[in-house]
Amino acid sequence: QLQLVESGGGLVQPGGSLRLSCAASGFTLDYYAIGWFRQAPGKEREGVSCISSRGGNTNYADSVKGRFTISRDNAKNTVFLQMNSLKFEDTAVYFCAALYFPHSDLVSCLPENYDYWGQGTQVTVSS
């Protein structure tokens with residue numbers, strides 16, 4: 001059974017950091033582009049950061065550029081999102097998703113393109 005599990009969310013003060021993990025089971029992430037998305041209450045789901053299956057290309061939303069870094073460790077079948085300098089507006093449920101697109105450095109951060117989704121992890125930035 002293909003499954004993605006996010007972890008690492010929590011409560012953090014503004015300016016703090018969190019590292020989210022997206023672990024896959026039942027399939028290997030090597031052949032998949034991976035995206036991190038978030039959804040705040042009353043808002044649509046938006047792409048935060050995405051990485052190609054080969055890891056050679058990444059994409060970031062303007063709102064997180066310079067603060068967030070996406071990376072992948074295919075040996076651990078895991079993708080990470082390092083979030084620094086967190087702001088109140090980063091509060092949301094964060095989801096990872098996988099798009100089957102092997103051996104490629106093309107990357108998409110449109111949620112409708114993604115095939116498999118995790119359950120999400122809550123990130124709350126509050127003082």
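Residue numbers run from 1 in the order of the sequence given.
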Q | Pair listing, ring pair (Phe, Tyr, Trp, His ring centres under 6.0 Å) test, anchored in residues 63-110, at least two apart | A | Tyr31-His103, Tyr32-Tyr100
Q: Grab the two heavy atoms, one from Gly120 and one from Val93, that are nearest each other, plus how far apart they are.
A: CA-CG1, 3.9 Å
Q: Kindly give the heavy-atom pair with the smallest separation between Val125 and Thr91, and that separation in Å.
A: N-OG1, 2.9 Å
(Q) Is there a path of hydrophobic side-chain contacts, each under 4.5 Å between heavy atoms, that joins Val48 and Tyr116? (A) yes
Q | Thr121 (side chain) donor-acceptor with Ser7 (main chain) under 3.5 angstrom | A | no
Q: Taking all non-hydrogen atoms of both residues into account, name the closest pair between Ser53 and Pro102 and its distance.
A: OG-C, 3.6 Å
Q: Could you identify which residues cluster with Leu11, counting Ile, Leu, Val, Met, Phe, Trp and Tyr as linked when any side-chain heavy atoms lie under 4.5 Å apart, either directly or through a chain of such contacts?
A: none
Q: Mind checking salt bridge (Lys or Arg N to Asp or Glu O under 4.0 Å) for Arg19 and listing every partner two or more places apart, or none if nothing turns up?
A: none
(Q) Among residues at least two apart in sequence or on other chains, which ones pass side chain to side chain contact (heavy atoms under 4.5 Å, CB included) with Thr69? (A) Tyr60, Gln82
Q. Tell me the disulfide bond (SG atoms under 2.5 Å apart) pairs involving residues 29-89, sequence neighbours left out?
A. Cys50-Cys109
Q | Partner residues of Ala97 under the side chain to side chain contact (heavy atoms under 4.5 Å, CB included) criterion, sequence neighbours left out | A | Phe37, Tyr114, Trp117
**Q.** Under 3.5 Å: donor-acceptor pair, side chain of Asn77, backbone of Phe27
**A.** yes
Q | Pairs flagged by disulfide bond (SG atoms under 2.5 Å apart) wherever residues 58-98 is involved - sequence neighbours left out | A | Cys22-Cys96
Q. What residues, two or more places apart in sequence or in another chain, satisfy side-chain hydrogen bond (donor to acceptor under 3.5 Å, both in side chains) together with Ser17?
A. Asn84
Q. Can you pull the salt bridge (charged side-chain N to carboxylate O under 4.0 Å, His left out) pairs that have at least one residue in residues 63-75, sequence neighbours excluded?
A. Asp62-Lys65, Arg67-Asp90
Q.
Applying salt bridge (charged side-chain N to carboxylate O under 4.0 Å, His left out) as the test, list every pair that has at least one member in residues 98-116; sequence neighbours left out.
A. Arg54-Asp105
Q: Identify the two heavy atoms, one from Ser52 and one from Gly56, that lie closest to each other, and give their separation to 0.1 Å.
A: OG-N, 3.2 Å
Q: Following the transitive rule for hydrophobic clusters with a side-chain heavy-atom cut-off under 4.5 Å over Ile, Leu, Val, Met, Phe, Trp and Tyr, establish whether Ile34 and Leu99 coincide in one cluster.
A: no
(Q) Assigning hydrophobic clusters by single linkage (Ile, Leu, Val, Met, Phe, Trp, Tyr; side-chain heavy-atom cutoff under 4.5 Å), is Leu2 placed with Trp36? (A) yes
(Q) Taking side-chain hydrogen bond (donor to acceptor under 3.5 Å, both in side chains) as the definition, give me every residue that meets it alongside Ser108, ordered by chain and number, with sequence neighbours left out. (A) Asn113
Q: Using the test salt bridge (Lys or Arg N to Asp or Glu O under 4.0 Å), find all partners of Lys43 that sit at least two apart in sequence or belong to another chain.
A: none
